[in-house]
Asker: 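Please find one structure pasted underneath; my questions will follow.
Treat the numbers as computed from the prediction; the structure is a model and nothing was measured. As a basis for the values below, the full set of heavy atoms in this structure was taken, side chains included, without hydrogen atoms, waters or symmetry mates.
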Amino acid sequence: MVTVDRYDRQAMFDPTEIRESVFSYYARLGRVREYVEQHHHERITLRTAAQVAGLEPSYFSRFFHEKSGVKFSDWLTFIRITEAKRRLTARNVPIARVASAVGYRDLRTF
């Protein structure tokens, strides 16, 4: 039996799997994307995203994954890391400040 620890799971995420068109096609997902882009530096839970979409959390989780091709948590991490990379290459800013600015409270997690 093969086990996958959480670090290997993160390494398996492929951002090319994200179906970007769903964010403009499904208004609910568009609202979630807009919310995340404006609040990525805050704590965003699945429950919060579901409320923004106007859906029950477990249904939202399935809906998001089915329509976008990725799990919400993986997509949120992708958004945050993309923003962090942009900030790190654009300015001479300490890594701890960038981590905090994109929603990571613990530098080790970042």
Asker: For Val32 versus Ala53, what's the shortest heavy-atom pair and its separation?
Answerer: CG2-CB, 3.7 Å
Asker: For atom CZ of Arg97, decide whether the heavy atoms of other residues, nucleotides or ligands shown that lie under 6.0 angstrom number more than 12.
Answerer: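 For Arg97, atom CZ is not crowded (no more than 12 foreign heavy atoms under 6.0 Å).
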Asker: Report the relative orientation of the aromatic rings in Phe60 and Phe64; use parallel for angles under 30°, tilted for 30 to 60°, perpendicular for over 60°.
Answerer: tilted
Asker: Quick check: do Glu56 and Tyr59 have side-chain heavy atoms less than 4.5 Å from each other?
Answerer: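 When only atoms from C-beta onward are counted, Tyr59 and Glu56 do touch, with a gap below 4.5 Å.
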Asker: Give every residue pair that meets the salt bridge (charged side-chain N to carboxylate O under 4.0 Å, His left out) criterion with at least one member in residues 25-51, sequence neighbours excluded.
Answerer: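 Salt bridge (charged side-chain N to carboxylate O under 4.0 Å, His left out) check on residues 25-51 returns Glu20-Arg33, Arg33-Glu37.
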Asker: Without swapping roles, check the side chain of Thr77 against the backbone of Ser73 for a donor-acceptor pair under 3.5 Å.
Answerer: yes
Asker: Side-chain contact, heavy-atom cut-off 4.5 Å: Leu76 with Ile44?
Answerer: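 Leu76 reaches Ile44 side chain to side chain.
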Asker: Rounded to the nearest 0.5 Å, what separation is found between the CD atom of Glu83 and the NE2 atom of His40?
Answerer: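 Interatomic distance, Glu83 CD to His40 NE2, rounded to 0.5 Å: 4.0 Å.
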Asker: Can you tell me how far the OG atom of Ser68 sits from the CG atom of Asp74, to the nearest 0.5 Å?
Answerer: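 Interatomic distance, Ser68 OG to Asp74 CG, rounded to 0.5 Å: 9.5 Å.
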Asker: What's the spacing between His41 NE2 and Gln38 CD if we round to 0.5 Å?
Answerer: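 Those atoms lie 10.0 Å apart.
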Asker: Consider only side-chain N and O atoms of Thr45 and Thr48, and report whether a donor and an acceptor are under 3.5 Å apart.
Answerer: yes
Asker: Considering all heavy atoms of both residues, which atom of Pro57 and which atom of Ala50 are nearest to each other, and what is their separation?
Answerer: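 Pro57 and Ala50 have their closest heavy atoms at CA-CB, 3.6 Å.
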Asker: Can you tell me how far CD1 of Ile18 sits from CZ of Phe23, rounded to the nearest 0.5 angstrom?
Answerer: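 It is 6.5 Å, given to the nearest 0.5 Å.
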Asker: Does Val22 share a hydrophobic cluster with Tyr35, counting links as ILVMFWY side-chain heavy atoms below 4.5 Å and allowing steps through other members?
Answerer: yes
Asker: Side-chain contact, heavy-atom cut-off 4.5 Å: Arg87 with Val93?
Answerer: no
Asker: Is there side-chain contact between Phe63 and Lys67, with at least one heavy-atom pair below 4.5 Å?
Answerer: yes
Asker: Can you hop from Phe78 to Val102 via hydrophobic side chains spaced under 4.5 Å?
Answerer: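 No, separate clusters.
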Asker: Could you grab the distance from atom CD1 of Ile81 to atom OH of Tyr104, nearest 0.5 Å is fine?
Answerer: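 These two atoms lie 4.0 Å from each other.
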Asker: Consider only side-chain heavy atoms of I, L, V, M, F, W and Y, link residues closer than 4.5 Å, and tell whether Ile79 and Phe72 are in one cluster.
Answerer: yes
Asker: What closest approach, in Å, do Ala99 and Leu107 show between heavy atoms, and which atom pair accounts for it?
Answerer: CB-CD1, 3.9 Å
Asker: How many angstroms lie between atom OG of Ser21 and atom OH of Tyr26, to the nearest 0.5 angstrom?
Answerer: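 That separation rounds to 8.5 Å.
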